[in-house]
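The analysis underlying the following values was restricted to heavy atoms, covering all of them including side chains, and did not include hydrogens, waters or symmetry mates. Position 1 is the first residue of the sequence; numbering continues from there.
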Amino acid sequence: MGVVEQKLASLRLQRIFSLTLILFLIVLSLISLDFIRNKVKDTKRKADIKQIQTALAVYQSRFGVLPEVEDDDYRGWDATFEPLGQPQEFLNILEREEIIDYVPRDPVNSDIYYYRYRKFPANSFGCREPFYILQIMNFEGNVNDHGFGSCPERNFVDEAPNGYTVQVFE
């Protein structure tokens, strides 16, 4: 192999190496962006639940009771995800009573990622007082804090193992 062929082979190797490095950096950037997007969605979910929880506290303070579920999406639960393309209804009573401008919805809002609310009457699952459960059903990343929500006969946290649960008594 002559000097010219060696230089051409060296240039080809440098180009292959450069292209490989560029592709690796692009893939690494895409993975990082996806991770950041998921973190942003999970942070929004936590902020949404705090906002809904505050609005529910205002409602309870104003009316002396917790709101009832008006849109029974599944066995008494009101959820942000509406099956079969139904209109989005989730705790609309908070908007009608002008406690909140809009009720937040999960950033993805699918059958996996959604929020849900349900008010339970006294003596449900061994809890003596009426209470509500508000849940983020799933985070995109893993979380350490899953909130709290249980009665002697039912642990609501187990129903959203990678989510967050809030329980408030009336």
Side-chain angles (χ1 to χ4, degrees), residues 31-170:
I31 291 170
S32 296
L33 283 174
D34 196 39
F35 175 78
I36 290 168
R37 270 190 230 114
N38 290 343
K39 278 293 222 186
V40 167
K41 288 180 208 170
D42 286 347
T43 300
K44 182 186 181 318
R45 287 179 176 105
K46 291 175 187 174
D48 285 350
I49 287 301
K50 293 285 185 202
Q51 182 181 8
I52 295 168
Q53 197 175 354
T54 300
L56 289 167
V58 169
Y59 183 95
Q60 185 177 10
S61 175
R62 189 181 292 174
F63 298 103
V65 295
L66 296 167
E68 298 291 336
V69 170
E70 295 179 334
D71 181 33
D72 184 353
D73 294 314
Y74 179 73
R75 295 187 179 180
W77 292 93
D78 187 6
T80 57
F81 178 69
E82 297 286 347
L84 306 172
Q86 296 173 4
Q88 289 284 315
E89 293 184 34
F90 179 65
L91 293 171
N92 288 356
I93 193 166
L94 300 176
E95 286 180 276
R96 278 196 315 274
E97 295 297 335
E98 298 179 353
I99 294 171
I100 196 168
D101 291 335
Y102 71 95
V103 180
R105 304 215 179 343
D106 185 276
V108 176
N109 212 34
S110 69
D111 60 337
I112 297 171
Y113 300 100
Y114 62 96
Y115 309 148
R116 72 180 187 172
Y117 166 86
R118 183 170 177 189
K119 179 183 174 183
F120 291 89
N123 301 315
S124 295
F125 307 105
C127 283
R128 292 182 180 170
E129 300 172 50
F131 63 94
Y132 77 74
I133 296 290
L134 178 64
Q135 290 181 307
I136 299 170
M137 292 308 292
N138 207 356
F139 287 106
E140 299 197 37
N142 291 323
V143 293
N144 295 326
D145 182 9
H146 299 283
F148 175 80
S150 71
C151 292
E153 299 166 14
R154 185 172 178 181
N155 185 351
F156 294 95
V157 175
D158 292 344
E159 297 173 24
N162 193 43
Y164 185 79
T165 301
V166 174
Q167 180 178 31
V168 174
F169 289 91
E170 197 168 68

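Here CE of M137 is found 15.0 Å from OH of Y164. Values are rounded to the nearest 0.5 Å. Here the CG-CZ distance, from N155 to F148, works out to 7.5 Å after rounding to the nearest 0.5 Å.
Proximity of E70 to I93: side-chain heavy atoms (C-beta onward) are separated by under 4.5 Å at one or more points. The shortest side-chain heavy-atom distance between I52 and P104 falls under the 4.5 Å cut-off. N92 has its side chain out of reach of L94: every pair of non-hydrogen atoms, C-beta onward, lies at least 4.5 Å apart. Inter-residue side-chain proximity for S61 and Y59 is flagged as unmet; no heavy-atom pair is nearer than 4.5 Å. Using a 4.5 Å heavy-atom cutoff, the side chains of V166 and I133 are not in contact.
Between F120 and F131, the angle of the ring planes stays under 30°, which puts this pair in the parallel group of the 30/60° scheme. Classification of the Y114-F81 ring pair by plane angle, with boundaries at 30° and 60°, yields tilted.
Counting heavy-atom neighbours within 6.0 Å of F169 CZ, excluding the residue itself, gives a total above 12. Atom CZ of F63 is surrounded by more than 12 heavy atoms from other residues, nucleotides or ligands within 6.0 Å.
Ion pairing between a basic and an acidic side chain is recognised when a charged N comes within 4.0 Å of a carboxylate O; K39 and D42 show no such pairing. Salt bridge R105/E82: absent, no basic N to carboxylate O contact under 4.0 Å.
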- request: With side chain to side chain contact (heavy atoms under 4.5 Å, CB included) as the test, would you mind laying out the steps for I100 and Q51 before giving the verdict?
  value: CA-CA 9 Å; I100 196 168; Q51 182 181 8; 3.7 Å; yes

query: K41 and V108: side chain to side chain contact (heavy atoms under 4.5 Å, CB included), yes or no, with the steps?
result: CA-CA 8 Å; K41 288 180 208 170; V108 176; 4.0 Å; yes

field: salt bridge (Lys or Arg N to Asp or Glu O under 4.0 Å) between E159 and R154, intermediate numbers included
entry: CA-CA 10 Å; E159 297 173 24; R154 185 172 178 181; 2.6 Å; yes

- request: Please step through side chain to side chain contact (heavy atoms under 4.5 Å, CB included) for the pair N123 and E129, ending with a clear verdict.
  value: CA-CA 6 Å; N123 301 315; E129 300 172 50; over 6 Å; no

message: Applying salt bridge (Lys or Arg N to Asp or Glu O under 4.0 Å) to K44 and D48, what does each step give before you reach the verdict?
response: CA-CA 6 Å; K44 182 186 181 318; D48 285 350; 2.7 Å; yes

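Q135 and V157 get closest at one heavy-atom pair: NE2-N, 4.5 Å. The two residues P107 and Y115 have their closest heavy-atom pair at CD-OH, 3.8 Å. Considering all non-hydrogen atoms of both residues, V103 and L91 come closest at CG2-O, 3.4 Å. Across all their heavy atoms, V69 and K119 have their closest contact at CG2-N, 4.1 Å. Across all non-hydrogen atoms, the minimal contact from E97 to R62 is O-NH1, 2.9 Å. Annotation for C151 and Q167: closest pair SG-NE2, 3.7 Å, computed over non-hydrogen atoms.
In this structure, the ring of Y117 has its center no less than 6.0 angstrom from the ring center of F90.
Checked against Y132 for a side-chain contact (heavy atoms from CB on, under 4.5 Å), the options Q53, E170, E68 give a single hit: Q53.
When atom types are taken as modelled, the side chain of N162 and the backbone of F139 share a donor-acceptor pair closer than 3.5 angstrom. The backbone N or O of A160 lies less than 3.5 Å from no partner atom in the side chain of H146, so there is not a single donor-acceptor pair.
Using a 3.5 Å distance cut-off with no hydrogens or angles, the side chains of D106 and T80 do not pair a donor with an acceptor.
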